[in-house]
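Beneath this line is the structure, given in structure tokens, with notes to follow.
All chains are named by letter (A, B, ...) in the order of the sequence lines, taking the proteins before the strands, and each is independently numbered beginning at 1.
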Amino acid sequence: MTVTIFLNGNKITEDVSPDETLLSFVRSHGCKSVKCGCETTNCGLCTVFLEDTPVLSCALLAVRADQKKVTTLEGLPKEAEEFGSFLADQGAEQCGFCNPGLIMNAIALFRENPHPSDEEIKRYLAGNLCRCSGYEGQMRAIKEFVRWRDSNEQRQ
Amino acid sequence: MLQIKRYVRATSLAEAYELNRKKSNCILGGGVWLRLSNRRIDTAIDLSDLGLDQIEESEGEFSIGCMATIRQIERHEGLNAYTSGAVRDAVQDIVGVQLRNMATVGGSLFGRFGFSDLLTVFCALDSYVELYQGGIISLREFANKPYDRDILVRLIVKKTPLACAFACVRNTRTDFSVLNCAVSVQGNRALAVVGARPMKAACYEGELDESFPERVASSLSFGSNLRGSEAYRRKLCAVLVRRALEKAGGKR
Ligand SMILES: Cc1cc2nc3c(=O)[nH]c(=O)nc-3n(C[C@H](O)[C@H](O)[C@H](O)COP(=O)(O)OP(=O)(O)OC[C@H]3O[C@@H](n4cnc5c(N)ncnc54)[C@H](O)[C@@H]3O)c2cc1C
Ligand code: FES
Ligand code: FES
């Protein structure tokens, strides 16, 4: 069936099969940051925003995104780079495979709750698995990022 | 792998019901659980356009559309104020925020899954499901009903005055519960609902006294699987019922 999806601001109209996932759709349009980790909705690697809400694209049918806005990391270059540099500084990316999904969900967290507590961070990011880092570096990166963002905002 | 031949956005419940009468067709909730199945579906029926994704609160009840997500019930202030956070406690460790933004209340309850935390918490409240053909029946009755081709339209939670709480044990934070439990207390009567036994939620109702948690544990049946043995679950049961009762507002 024919769908129109607004992917990172680009209007794409195309025929998709009813069982095609949004993951496969966005990757076929060059959004290779979106990875397939588990394909069983457990790892968070395939996180994208559907109308600004983080969802798992491995479990979402592309037909359900018809007439909707879909955002991947490629559509948020500034926010992703800003926060991503804190992950790098804190050694929170080893193989880096989990990072795009984590960055997307962390951006969703910052938008929903700009000053999360440790517990709120852990809970919000519980669906983003990382096999390498042990999560400590990610926690430090998030806290450092929030501090930096706040002091930047105060200066302005 | 899930295979779907045709996808239809239903324009009415009547249309959805007609389509769903055929065994090879299927209602799509969030589609999250279905996605893991190995089914061939002729027509996937999407209820997204029917305005069933809202939680409405009135003086006497909450009416939760079947397409409302688990995240919506987790964040709903009125529902969590009424249940003293029991609904939030029950769902906040289900995988991650992204999954909870997709999985629906309708799909969760219609599935009547053994591991379900939602079935457990809502069975402890004065809850009803509205079925397109079957009308309004209590959720506890629905939980034991055989699967059929009906559509779960909404969940209704009456604001009956009661104290309630949820408790569970998970081996890791986002895994299925080893055992879950919700209690509600009205005067000196208590209702305990225990799920993930690993069979689906079962209820025990009785007078609330010192022996209530042990009575629940000895009355219900439990099973063994990778997450825990029958004997372990029976022990856990009394502990969780006691903890939930304490949370609900009174040491017993
Ligand atoms: C990896 C993973 C971990 C999970 N962990 C937990 C957990 O710890 N605790 C917990 O409680 N749950 C857990 N769940 C289950 C989840 O919370 C949902 O209950 C589940 O995904 C079903 O919801 P859905 O909207 O995706 O339903 P779907 O997958 O869309 O549908 C499930 C079934 O219900 C039918 N259906 C859907 N909506 C309706 C309707 N309105 N009327 C009639 N039939 C309908 C469908 O046809 C299908 O047969 C987990 C799920 C996954 C994938
Ligand atoms: S690939 Fe989607 S959650 Fe793992
Ligand atoms: S850095 Fe390797 S999976 Fe996270």
When heavy-atom pairs shorter than 4.5 Å are enumerated against chain B, which of [options] gives the highest number?
options                          : value
L109(A), N42(A), T47(A)          : T47(A)
D66(A), T40(A), L61(A), V63(A)   : V63(A)
A59(A), G44(A), A108(A), A126(A) : A59(A)

Over 12 foreign heavy atoms within 6.0 Å of [atom1], [X]:
X      : atom1 : value
E51(A) : CD    : yes
E15(B) : CD    : yes
R40(B) : CZ    : no

Query - Trace of the salt bridge (charged side-chain N to carboxylate O under 4.0 Å, His left out) decision for R75(B) with E112(A) - result: CA-CA 12 Å; R75(B) 301 189 70 192; E112(A) 200 175 301; 3.4 Å; yes
Side chains of [X] and [Y]: does their closest heavy-atom pair fall under 4.5 Å?
X       : Y      : result
V95(B)  : T41(A) : no
S48(B)  : R64(A) : yes
M102(B) : L50(A) : no

Query raised in the report: When rounded to the nearest 0.5 angstrom, what distance separates CG in L125(A) from CD in Q98(B)?
Result: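 Going from the CG atom of L125(A) to the CD atom of Q98(B) covers 8.0 Å.
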Query raised in the report: Any donor-acceptor pair under 3.5 Å linking the side chain of R35(B) with the backbone of C58(A)?
Result: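 Here the side-chain-to-backbone pair exists.
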Query raised in the report: Donor-acceptor pair, N101(B) side chain versus V55(A) backbone, under 3.5 Å?
Result: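 No, the answer is negative, given that no donor and acceptor are paired below the 3.5 Å cut-off.
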I'd like to know which of [options] tops the heavy-atom pair count under 4.5 Å against chain A.
options                         : answer
T174(B), D93(B), L34(B), I94(B) : D93(B)
G31(B), G29(B), A44(B)          : G29(B)
I41(B), D46(B), L36(B)          : D46(B)

Query raised in the report: Between R173(B) and R123(A), is a side chain to side chain contact (heavy atoms under 4.5 Å, CB included) present by the stated rule, with each step listed?
Result: CA-CA 9 Å; R173(B) 190 175 221 173; R123(A) 199 150 247 144; 3.5 Å; yes
Query raised in the report: Under a 4.5 Å heavy-atom cut-off, does chain B meet the side chain of E39(A), its backbone, both or neither?
Result: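 Its backbone and side chain both get close to chain B.
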